[in-house]
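Please read the structure below before turning to the comments.
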Amino acid sequence: MDPLVTRATDPERSRRFAFVPGGGAPFPVARTEGAWLIAPDGRRVLDAAGGAIVSNVGHGRHEVAQAMARALERIDYVVPPFATEERVALVERLLDRWLPPGLTRVMLTSGGSESVDAALRLARQHHVAAGRGGRWKVIGRDLSYHGATLAALAVGGHTKRRAGLEPLLLELPKAPACYCMRCPLGLALPGCGIACVDAVEAAIVREGPESVAAVIAEPVVGSTAGALVPPDAYWPRLAEICRRHGVLLIADEVMTGFGRTGRRFAVEHWGVVPDILVGGKGLTGGYAPMGGVFATDAVLAPLAARGEDVMFYTYGAHPAACAASLAVLDILEREALVERAAARGKQLSARLTAALADHPNVAEVRGLGLLLGVELVRDRATREPFPSEAQLTRKAVGAGLGLGVFFYPGGCGAARDVLVLGPPFTVGDEEIELIADVLPRAIDAAVGRAG
Ligand SMILES: Cc1ncc(COP(=O)(O)O)c(C=O)c1O
């Protein structure tokens, strides 16, 4: 074995990698390949989460690594506003084949949180430049995650990740997310008339529309509550509400974008084009750190008229990351992987639903495309959750790893125990069978240990 790999993944040395001491050695990975993580001792673990719902074309694609190396051999670094071959080609590719029509402006960053932060800056700058300096509030939703910068945490509703940081976070209004299984408004479809989207409008009105800059939402709520899919009419009505009140709509597609839900972007399921769309993860499929902010001409026009720009991040649009993204988009297109994500998503969802149909601790299997969530509860009939102290999700993830499959830990608040699945779009029949076989056993093991 490669001596560098052996040394770096030695458990004693791995332990030193942890920022906070005492949490045990991190799971050591020596190599990745297809949908698999390979430990230094050769043990193979199926990556049913695609990392943090990142890996879309699968691990170990040599052509991506080679494209990055070729790019770096020519240019290591130039400031983000300068044009390089990979940057220009990537923007052209995004505009020609990927972005919803109307999203014509592209800013490339180095990750999802940074992109959300830049989108918030852009929304504010847009209004200021247009002479509407009173508009600054950004309305988010109470089960959501938009990233770990202080501004992204402020617009998000992930109480666990915000805990203790509140004094540093701007207090911003929140509307309820559409969590139909435990409707925060105590209503049910279809009689509810999708009252949760009307609650966004109520928040705009309550705050005073002339003070509101934007609404930010994940089209399908990701790991916070485990793949919450809104009713079909939610996003069209949300877009209409925002338009009527002069509020920008920001779709955070960091997790859902680039094919994850079976369409290029999740908003396409509902025919909506937001004013600003934020992407990350799938843009490079994990091969390089990069995110993007995509906006309409109308959003940028007031800035352009005043000769202003949006301040870049030093590592934004890095040449190697642009090359990685181009190679990943090539693979997605050539292998029709977005269509495959739709088909494999249905297959995985059907297998999980069947495998967990009578499981006493599974409240719901939900999701869209290859973004799926499984909510765990103490009692399937009453949907009573486990106490937080039971740490059920953590135990289930640990049990899954022991049984050879990695599930992503999610959940917050009432939806506190959630396993999130987001395998690479290349996932095959046998791998889907393995996931469906291991998941109930991992839950059983966790519940047994939870007592
Ligand atoms: C919807 C959403 N937005 C933003 C982020 C933050 O992205 P990053 O972790 O790349 O900064 C995430 C990460 O999970 C996410 O799921």
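Only a predicted model underlies this, so the values are computations on that prediction, with no experimental measurement involved. Values reported hereafter were calculated over all heavy atoms of this structure, with side chains retained and with hydrogens, waters and symmetry mates removed. Counting starts at 1 for both ligands and their atoms, in listed order.
- For atom 3 (N) of ligand 1, the closest non-hydrogen atom of the protein is D252 OD2, 2.7 Å.
- Aromatic rings of F27 and F406 (six-membered ring for Trp) have centroids beyond the 6.0 Å cut-off, not under it.
- At the shortest separation from atom 9 (O) of ligand 1 among protein heavy atoms lies S113 OG, 4.1 Å.
- A salt bridge between R135 and E207 is absent, with no side-chain N of the basic residue lying under 4.0 Å from a carboxylate O of the acidic one.
- In this structure, the protein non-hydrogen atom closest to atom 16 (O) of ligand 1 is M255 CE, 3.6 Å.
- Around the CD atom of E85, the shell of radius 6.0 Å holds no more than 12 heavy atoms that belong to other residues, nucleotides or ligands.
- Annotation: cation-pi geometry satisfied between R161 and Y145 (NZ/CZ under 6.0 angstrom from ring centroid, within 45° of ring axis).
- No side-chain N or O of D275 forms a donor-acceptor pair with one of T296 less than 3.5 Å apart.
- Of all the heavy atoms of E218, the ones lying under 4.0 Å from any atom of ligand 1 belong exclusively to the side chain.
- Among all non-hydrogen protein atoms, the one lying nearest atom 5 (C) of ligand 1 is V254 CG1, 3.7 Å.
- Under the 30°/60° scheme for interplanar angles, the aromatic rings of H318 and Y315 are found to be tilted.
- Some N or O of G112 is nearer than 3.5 Å to an N or O of ligand 1, by distance alone.
- Atom 14 (O) of ligand 1 has as its closest protein heavy atom K281 NZ, 2.9 Å.
- If you look at E114 next to ligand 1, there are no close heavy atoms at all, none under 4.0 Å.
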